[in-house]
Amino acid sequence: MDEMKTVFLSDGKKIVLDDDNDLILSLVSNKKTEDTYKLPYPSGGYGGRSLRLSPSEKYLVFSCFSGESEEAFSLFEIENARLKLLYDSGYLYGEDARYSFVDDEKILVQTFRTGSWYKENAETDENKGMYYEFGELNLFSLETHELSRHTIRVYPSDDWKEEETDVGSFMFSGIISTKSGCQFSVIVPWGKITFSEPLENILVVRPE
């Protein structure tokens with residue numbers, strides 16, 4: 001996660017995070033602080049942070065990690081020179097979280113890794129099939145203010161080479177609207193995969 005403590009709005013304002021002691025977000029215009037928001041200090045620890053604006057600059061994501069394989073985000077609405085908290089996820093187990101807004105900004109997409117490809121980390125299902133818990137694809141609705149979490153479960157092929165696939169990015173890459181719903185595409189270490197609505201709680205992937 002890139003650690004960015006200041007973001008700039010197109011109207012000249014900026015939002016600054018001060019985390020030297022407390023966690024304080026400040027909305028600043030012409031060197032004057034117009035609004036501040038004090039975030040609770042995470043009980044699970046604080047290993048790093050980043051700020052991200054939505055494309056319209058209507059929303060701000062404050063994300064942080066504990067340093068103990070946990071990720072969290074807080075989502076704010078920026079309106080009338082004020083910061084309004086919409087949602088706080090608290091810490092979720094995982095690493096290397098990424099955040100993206102869909103084009104209409106009705107959904108915030110969160111991705112993060114939860115496992116690695118090493119055979120000692122593999123699990124077996126009720127049919128004795130071997131799989132890995134790869135990560136999560138999570139969708140936060142700006143309309144309902146609810147976070148839906150979806151675990152990606154990977155069933156590797158027989159010739160799967162773990163040493164070649166345990167590196168690389170995992171992030172949201174785009175959304176396509178169809179008559180039957182939306183399709184969410186994500187980049188994974190072995191390429192790109194697409195999931196169609198409605199998303200199940202467990203998203204099964206079988207790479208070739």
Side-chain angles (χ1 to χ4, degrees), residues 1-5 7 9 15 17 23 25 27 35 37-44 46-66 69-79 82-115 133-153 169-178 180-188 192-203 205:
M1 180 176 68
D2 296 332
E3 295 193 5
M4 183 176 295
K5 296 177 64 174
V7 291
L9 285 71
I15 299 173
L17 170 66
L23 300 180
L25 290 170
L27 180 61
D35 191 29
Y37 190 97
K38 184 177 180 180
L39 290 149
Y41 200 87
S43 59
Y46 183 67
R49 68 287 183 251
S50 188
L51 301 178
R52 174 186 292 272
L53 285 171
S54 70
S56 72
E57 301 180 355
K58 183 178 180 180
Y59 301 106
L60 172 76
V61 178
F62 164 77
S63 58
C64 66
F65 60 92
S66 68
S69 298
E70 294 172 309
E71 299 276 355
F73 75 93
S74 299
L75 181 65
F76 293 85
E77 183 176 16
I78 306 167
E79 187 175 20
R82 293 291 182 268
L83 296 169
K84 178 184 177 182
L85 179 65
L86 300 180
Y87 184 80
D88 181 14
S89 72
Y91 274 135
L92 306 174
Y93 174 74
E95 294 182 332
D96 194 25
R98 308 290 182 96
Y99 300 89
S100 300
F101 289 87
V102 301
D103 290 342
D104 59 8
E105 296 190 6
K106 290 183 179 179
I107 297 175
L108 171 66
V109 182
Q110 178 195 49
T111 59
F112 55 76
R113 295 283 298 267
T114 56
E133 294 285 3
F134 171 75
E136 290 192 20
L137 168 64
N138 300 329
L139 308 177
F140 178 78
S141 169
L142 273 298
E143 296 178 324
T144 64
H145 290 187
E146 294 180 349
L147 180 70
S148 61
R149 300 178 61 183
H150 309 276
T151 299
I152 297 176
R153 179 179 292 183
S169 298
F170 173 39
M171 66 183 73
F172 173 69
S173 66
I175 184 172
I176 299 174
S177 297
T178 67
S180 58
C182 292
Q183 295 180 333
F184 296 87
S185 295
V186 293
I187 296 171
V188 289
K192 182 183 288 187
I193 52 177
T194 299
F195 301 106
S196 299
E197 287 186 318
L199 298 185
E200 302 291 338
N201 292 335
I202 303 295
L203 302 173
V205 178

- request: Give, for atom CG of Leu17 and atom CZ of Arg49, the distance between the pair rounded to the nearest 0.5 Å.
  value: 6.5 Å
- line: dist Ile152:CD1 -> Thr114:OG1 (nearest 0.5 Å) comes out at 8.5 Å
query: Yes or no on side chain to side chain contact (heavy atoms under 4.5 Å, CB included) for Phe65 and Asp96, after CA distance, side-chain angles and deciding distance?
result: CA-CA 9 Å; Phe65 60 92; Asp96 194 25; over 6 Å; no
- prompt: Under the side chain to side chain contact (heavy atoms under 4.5 Å, CB included) test, which residues partner Ser56, sequence neighbours left out?
  reply: Ser54, Lys58, Glu105
message: How long is the straight-line distance from CG of Leu108 back to OG of Ser100, given to the nearest 0.5 Å?
response: 8.0 Å
task: Kindly check if the number of other-residue, nucleotide or ligand heavy atoms within 6.0 Å of CG (Asp104) is above 12?
output: yes
task: Taking the six-membered ring for Trp and the full ring for Phe, Tyr or His, determine whether the centres of Phe134 and Phe170 are under 6.0 Å apart.
output: yes
query: Short question: side chain of Ser169, backbone of Met171 - any donor-acceptor pair under 3.5 Å?
result: no
- prompt: Got a sec: does the CZ of Arg52 have more than 12 other heavy atoms crowding it under 6.0 Å?
  reply: no
task: Would you check if Lys84 and Glu79 make a side-chain contact, meaning some heavy-atom pair closer than 4.5 Å?
output: no
Interatomic distance, Leu60 atom CG to Glu77 atom CD [nearest 0.5 angstrom]: 11.5 Å
Side chain to side chain contact (heavy atoms under 4.5 Å, CB included) against Asp35, all qualifying residues, sequence neighbours excluded: Leu27, Arg82, Leu83
task: Mind listing the closest non-hydrogen atom pair of Tyr87 and Leu85 along with its distance?
output: O-CD1, 3.5 Å
statement: Value for OG1 (Thr194) from CD1 (Ile176), rounded to nearest 0.5 Å, stands at 6.5 Å
message: Quick one, Thr151 with Glu133, criterion side chain to side chain contact (heavy atoms under 4.5 Å, CB included). Give me CA distance, side-chain angles, the key distance, then yes/no.
response: CA-CA 7 Å; Thr151 299; Glu133 294 285 3; 2.6 Å; yes
task: Please list, chain by chain and in numerical order, all residues satisfying salt bridge (Lys or Arg N to Asp or Glu O under 4.0 Å) with Lys192, sequence neighbours excluded.
output: none
task: Return the set of residues passing side chain to side chain donor-acceptor pair (under 3.5 Å) with Ser173 (not counting sequence neighbours), or none when no residue passes.
output: none
message: I want to check something: taking the side chain as every heavy atom from C-beta on, are Leu142 and Leu86 in contact at a cut-off of under 4.5 Å?
response: yes
message: Is the shortest side-chain heavy-atom distance between Gln110 and Leu92 below 4.5 Å?
response: yes
- prompt: How about Ser185 and Ile193: do any of their side-chain heavy atoms sit closer than 4.5 Å?
  reply: no
By side chain to side chain contact (heavy atoms under 4.5 Å, CB included) - contacts of Ser66 (at least two apart): Glu68, Glu70, Tyr91
query: Do Tyr99 and Phe73 have their ring centres less than 6.0 Å from each other?
result: yes
message: Whether the side chain of His150 engages the backbone of Glu200 through a donor-acceptor N/O pair (distance < 3.5 Å, no angle test) should be reported.
response: yes
task: Using side chain to side chain contact (heavy atoms under 4.5 Å, CB included) as the criterion, list what pairs up with Glu197, not counting sequence neighbours.
output: Cys182, Phe184
query: Side chains of Leu139 and Leu147: closer than 4.5 Å at any heavy-atom pair?
result: no
- request: Under the side chain to side chain contact (heavy atoms under 4.5 Å, CB included) rule, what do Leu75 and Phe140 come out as? Steps first, then yes or no, please.
  value: CA-CA 10 Å; Leu75 181 65; Phe140 178 78; 3.4 Å; yes
message: Using the rule given for side chain to side chain contact (heavy atoms under 4.5 Å, CB included), can you reason through Leu137 versus Val109, listing the C-alpha separation, both sets of side-chain angles and the distance that settles it, and then say yes or no?
response: CA-CA 7 Å; Leu137 168 64; Val109 182; 3.6 Å; yes
query: At what distance, to the nearest 0.5 angstrom, does CZ of Phe76 lie from CG of Leu53?
result: 12.5 Å
message: One thing to verify: whether Arg113 and Glu95 come together as a salt bridge, which I'm taking to mean a side-chain N less than 4.0 angstrom from a carboxylate O.
response: no
message: Restricting to non-hydrogen atoms, name the atom on Gly90 and the atom on Ala72 that form the minimum distance, rounded to 0.1 Å.
response: O-CB, 3.3 Å
query: Under 4.5 Å between any side-chain heavy atoms of Ser74 and Leu39, yes or no?
result: yes
message: So which atom in Lys5 and which in Leu51 form the shortest heavy-atom distance, rounded to 0.1 Å?
response: O-CD1, 3.4 Å
- prompt: With under 30° as parallel and over 60° as perpendicular, where do the rings of Tyr46 and Phe62 fit, or are they tilted in between?
  reply: parallel
Heavy-atom donor-acceptor pair, Arg98 side chain to Phe172 backbone, under 3.5 Å: no
query: If only atom types and distance count, is the side chain of Glu71 paired as donor or acceptor with the main-chain N or O of Tyr93 below 3.5 Å?
result: no
query: Are any of the side-chain heavy atoms of Glu136 and Thr111 separated by less than 4.5 Å?
result: no
